[in-house]
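FYI, the numbering just counts along the sequence from 1. Because only heavy atoms are used, hydrogens play no part in the values below, and waters and symmetry mates are left out as well, while side chains stay in.
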Amino acid sequence: MASEPENKPPILHILVVGFHHKLGCQVEFSHPPLISGSTGRHECPSGWKYLPTLALPDGSHNFAEDTVFFNLPSLYEPAASIYGVSCYRQIRVEKLKIRTADLTRSTVQKSVCILARLPIYGYIEVKLALIADAFFDQGDFSGTELLVKAYQQLNACLQDDESRRPLRHFHVGLSLRELVLHWRHKTLMLFKLMLLQRRVVCFGSPVRQMCVLILGMASLVPRLLEKGFQEVACVRTSRPLSPMPDFTDSLQREAQAEAEAELEAVASVAAGSDEQKLTPESATAVEGEAEELALVSSAASAGEEQASGDDTSTRSTPNSQSQDSSNGRNSSLTREASVDTLASNLAALCAVNPDEYRAPVSIFASGNLCLPYLSLPYMDLLSDPMVLSYVIGTSNVLFQQKRQLADVLVDIEAANLDAHDPELRRQLVLSTEDLRYMDYIMKHVQSPKEDAEGSEYWIREQFQGYILALLRTAVAPDAMPKDNDHFNAHFMGAFKRTQCFQEWYDVRPEPEFFEALPAGHPFAGTLSVADMKLKLAQTMQNSESGRKINQAVNTTSRAVGGAISQAKGAFSSWWSSITTAPPNANAAPTTSANGQEADVSEGAAAQEISVTFQNHKDAENLDMAGVSIHLAGQEEAPESHESQSASCDKPQGIVEIGREAELLDKADQSEEPKISAASQAGQGRPGCGGDVATSAVERSSGDVFIV
């Protein structure tokens, strides 16, 4: 494996990825070259073999533009990730000034992509979108000088003073307000789902909204993007996989180097004890190291005792719980649930610096992946036993069909979470206090104030206070079962078993730190009618029984509405048949070329009814039980010729009696040519029917005469 460059700029590469009609997605340009010493065209390192499929997402041909955020494992460091941003464009071939022989289709699909060492997706997207537009507007894809200059300028901006880079760079472009308005109370469900470290597959197209959702939820965990995103794409697979770098040699070298270092240290200590005498400074240093080791060991033992104490406290008897509640806990549980009081409790939690409680909670580490977009060639990676959990985004429907790959399917467009495990569904149910908390956020987001309530920074602060209250309840020795219920006891039990919580628990602050914080859920309080409404609405929207009730109500309403519409239509037809004026009795009936009878009413709209007999050989055995009458209003022309033409175009108002009645009697067949000839002579064109009416009588509107 090639050695890593010594000077690593923030922006590692800028690429152009195109779609070839025969070769598929491929890298057309890279600066610096992805493989050192190569031309930078049509080549990818083996560990990034499927990089082009990430830059050009599945289904991108359906859109004129899109943006993709994705993560890759580092080619040089087993515990480091690379962060990619790709701006996709599709333009017509006619807009190009210079066309090459490989442009055989009507449109051109390409992406301009940047690979960076820092997860500042939105910050890069803002600048890369302008670069991509300028690159396409020049109409000549061979002019890559623009991309080289952009690479240099981006690095110059980020290298000015990297240590003073503001934290807001990590949150640019991750619109939390849009997420909260679209997902509403389910935003908290997604947040808690991420804390549980389950296998989550998000599906959507175009993919930018899906990527923003995943990264936006990750940004709600304090310091996660800034400090806890190093291993989001790293996993030591159980077998070599083509999409992943192979660190076998480097791992063996690291292990060998560590073993040699330990041997050298032991040898130097032994030699120093025999040949050298300790100076006062060295003796003080050794004593200090010994004291630090003693403190670490005592802290570890205290952590174990604390963990065992928490286990015993969860198994305490009701008597001990009642005694604890009598020692001052009732006041916090029965406090007034006014908005001002609850907001002040949350504000006190939001004011705490996340670094003081050892943030972040490392959700994505040690085989727990976060991949905002994943293409089909990486599907085998998800089934590797070393991959413990993941949150991924995809636009390929095959990921949806592989149900064994996901504990939860998230539909981005419909804003829906689909969890098949009943226990997981119970863990994701929002408590009354959770609903209160999200309702408070929703009200401020719907009417935001700049850099105040409802802003992006404000939303992030509220979740910072929520997770601090959650952690305090999880580790507090005086926590009551009621406190766990406020966060959902099923969720609290599952969260305490996660790897991320256990790792945070090992480095948690001293108990005195949490004792100074407000206890329990910040929105705990007495119930109100508004709480009951929130709980009922949440149950109807998210529970299985609620969805069934909603479906039944919708189906019933459609059925009732259809029946009412049909009844109105039938009544209108019946009423019009009664109220319509009868046709002119003096108008002479007209016989068609084939013997069909047609009434003529000059200058008026009449109700016409005709009787059709279809091929009935015996009039005596004619079955009259199957009579069906269809009434339809028909405007008749002033003259008989026009009336006959209209009836030919719109054969309405026909009454069919039986199936096989067309002639009443064989004797009538002999008269048919005469009648037809007479009709043709009188009208000048044949009629539209092939039926015969032997005679006609005067009738009023709505009557049926069989003659």
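- In this structure, Asp66 does not pair ionically with Arg89, as no charged nitrogen and carboxylate oxygen lie closer than 4.0 Å.
- A distance of 12.5 Å separates CG of Leu115 from OH of Tyr83, quoted to the nearest 0.5 Å.
- In this structure, His444 and Tyr440 have perpendicular ring planes: the angle between them is above 60°, well past the 30° mark.
- For the pair Lys110 and Tyr88, the NZ or CZ position fails the cation-pi test of under 6.0 Å to the six-membered ring centre and within 45 degrees of the ring normal.
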(request) Start with the C-alpha distance between Ser389 and Asn368, add both sets of side-chain angles, then the distance that settles side-chain hydrogen bond (donor to acceptor under 3.5 Å, both in side chains), and finish with yes or no. (result) CA-CA 5 Å; Ser389 71; Asn368 300 280; 2.5 Å; yes
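- Ring geometry, Phe135 versus Phe141: the interplanar angle falls from 30° to 60°, so the pair is classed tilted.
- In this structure, the ring of Tyr437 has its center less than 6.0 angstrom from the ring center of Phe463.
- In this structure, CD on Glu453 lies 14.0 Å from NZ on Lys443, to the nearest 0.5 angstrom.
- Two residues are said to be in side-chain contact when any heavy atoms from C-beta on lie closer than 4.5 Å; Ile114 and Tyr121 fail this criterion.
- Remark: Ser375 engages Thr53 in a side chain to side chain donor-acceptor pair (under 3.5 Å) (not counting sequence neighbours).
- Under the 30°/60° scheme for interplanar angles, the aromatic rings of His31 and Phe29 are found to lie parallel.
- Note: Tyr466 and Phe487 have perpendicular aromatic rings, judged against thresholds of 30 and 60 degrees for the angle between ring planes.
- Ionic pairing of Asp355 and Lys227 is present here: one or more N-O contacts between side-chain nitrogen and carboxylate oxygen are shorter than 4.0 angstrom.
- In this structure, Lys496 is not positioned above the aromatic face of Phe501 in the sense of NZ or CZ being under 6.0 Å from the six-membered ring centre and within 45° of the axis.
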